[in-house]
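Heads up, the thing below is written out as structure tokens.
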Number of protein chains: 2
Amino acid sequence: MPKNREQDVCEVRSIDRAKVMAVKKAMPSDRDIHSLSEIFSVLADPARTKIIYALSKEELCVCDIANILGNSISAVSHQLRILRNMRLVKFRKEAKRVYYSLDDRHINRLFNEGLKHVRE
Amino acid sequence: MPKNREQDVCEVRSIDRAKVMAVKKAMPSDRDIHSLSEIFSVLADPARTKIIYALSKEELCVCDIANILGNSISAVSHQLRILRNMRLVKFRKEAKRVYYSLDDRHINRLFNEGLKHVRE
DNA sequence: TGATTGTTTGAACAATTGTTCAAATATAAT
DNA sequence: ATTATATTTGAACAATTGTTCAAACAATCA
């Protein structure tokens, strides 16, 4: 995505300054908003959403995750790396296998809250 | 993104069939998973996240939303169309202006649950 | 009427995403 | 050692995303 250019302030005039100021003041920091979007983008992909759900039920090796999702081992491994980088999952090695499990208290609540939304 | 080819089942063997079956059975439908990811992808963009938050505080016209976000009118309008299509916001016209407001009970809870996550 | 203001829209574009494929690791078995 | 199995990794690629720009609409005002 292209980076925001210096905005043309003249074009963006405020209609209701009081409201605008109030909302701007209440708005969470750019840092928080960014982290928020980052978390949500994890669940914005069906494959990752399924992985999160699966791991909320069971500790699983990569092979079995791929089997559950119906995706390739490689694709799953790439997704797991993203989840690892975000510290959402942890893993342990056992023989040739690597077992993954959830490593985040909140992500599952987010999942369930979302599911409520979907099911109205 | 390329579409999933028919997976090479031979490559994806199951290690623990019982676990795999159990998780597969418990897994929400593909339809639900897809809707879930769709909802989350709305909040996966900082601009949209800010819009949702702003509208949770005040009914706002496009111009003021752009002002609050520091984005162009056009960019905001494009994002609003996405939110409209997903029935997350509603709008009313007043003179030359269009006022948007939230039209979804759950999205705000999702936002707040996410914020909890971010702030640990 | 024509000019102005607020918003929407579509095309174009760069950035990002998620997959596949092939090759590299790592661990265990023969 | 060689082979087989489980996983990771990087490059390549198509699909998608979010922005900008210019043009179109829509509503009001002179």
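Letters A, B, ... mirror the listed sequences (proteins, then strands); counts begin at 1. Small disclaimer: the values here were computed from a predicted structure and weren't measured.
Distance B:Asn85 CG to C:dT9 C1': 13 Å, rounded to the nearest Å. We find that OH of A:Tyr100 is positioned 9 Å from P of D:dT7, with the value rounded to whole Å. Taking atom CZ of B:Arg81 as the reference point, atom P of D:dG18 lies 11 Å away to the nearest angstrom. Here D:dA6 presents its P atom at 14 Å from CD1 of A:Ile65, a figure rounded to the nearest Å. Residue B:His34 contributes atom NE2, which lies 13 Å from atom P of C:dG18 at whole-angstrom precision. Look at CD1 on A:Ile73: it is 14 Å from P on C:dT19, rounded to the nearest Å. Going from atom CZ of A:Arg97 over to atom C1' of D:dA4 covers 14 Å, rounded to whole Å. What separates CG of B:Asp45 from C1' of C:dA15 is a distance of 13 Å, to the nearest Å.
Without hydrogens or angle criteria, B:Lys19 side chain to A:Glu59 main chain gives a donor-acceptor distance under 3.5 Å. Put simply, the side chain of A:Thr49 never gets that close to the backbone of B:Ser37: no donor and acceptor are under 3.5 Å apart. Within the 3.5 Å criterion, the main-chain N or O of A:Glu38 finds a donor-acceptor partner in the side chain of A:Ser41.
Proximity note for B:Ala75 (side chain, C-beta onward) versus C:dG18, C:dT7, D:dT20: the nearest is D:dT20. The listed nucleotides are C:dG6, D:dT7, D:dT19; the one nearest the side chain of B:Ala47 is D:dT19.
Between B:Ile65 and the options B:Asn71, B:Leu55, B:Ile73, a side chain to side chain contact (heavy atoms under 4.5 Å, CB included) holds for only B:Leu55.
If B:Asp64 and A:Ser41 are placed on DNA chain C by their nearest nucleotide, the residue sitting closer to the 5' end is B:Asp64. Residue whose closest nucleotide on DNA chain C sits further toward the 5' end, between B:Ser77 and A:Gln79: B:Ser77.
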Report all side-chain donor-acceptor pairs from residues 79-89 of chain A shorter than 3.5 Å, counting only partners two or more places apart or in another chain.
from	atom 1	to	atom 2	distance (Å)
A:Gln79	OE1	A:Arg48	NH1	2.9
A:Gln79	NE2	A:Asp45	OD2	3.4
A:Arg81	NH2	A:His78	ND1	3.2
A:Arg84	NH1	A:Tyr100	OH	2.9
A:Asn85	ND2	A:Arg81	O	3.4

Per-nucleotide protein contact string for nucleotides 22-30 of chain D (B base, S sugar-phosphate only, - none; heavy atom under 4.0 Å): B----BS--
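In this structure, A:Tyr99 reaches neither bases nor backbone, as no heavy-atom distance under 4.0 Å exists between it and the strands shown.
D:dT9 has its base stacked against the ring of A:His78, the centroids being under 5.5 angstrom apart at an interplanar angle below 30°.
Between A:Asp64 and B:Arg17 there is no salt bridge, since none of the side-chain N atoms of the basic residue sits less than 4.0 Å from a carboxylate O of the acidic one.
Taking only side-chain nitrogens and oxygens, B:Arg48 comes nearer than 4.0 Å to OP1 or OP2 of D:dG18.
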Residue pair B:Phe111, B:Tyr53: steps toward the side-chain contact (heavy atoms from CB on, under 4.5 Å) verdict: CA-CA 8 Å; B:Phe111 182 97; B:Tyr53 179 82; 3.5 Å; yes
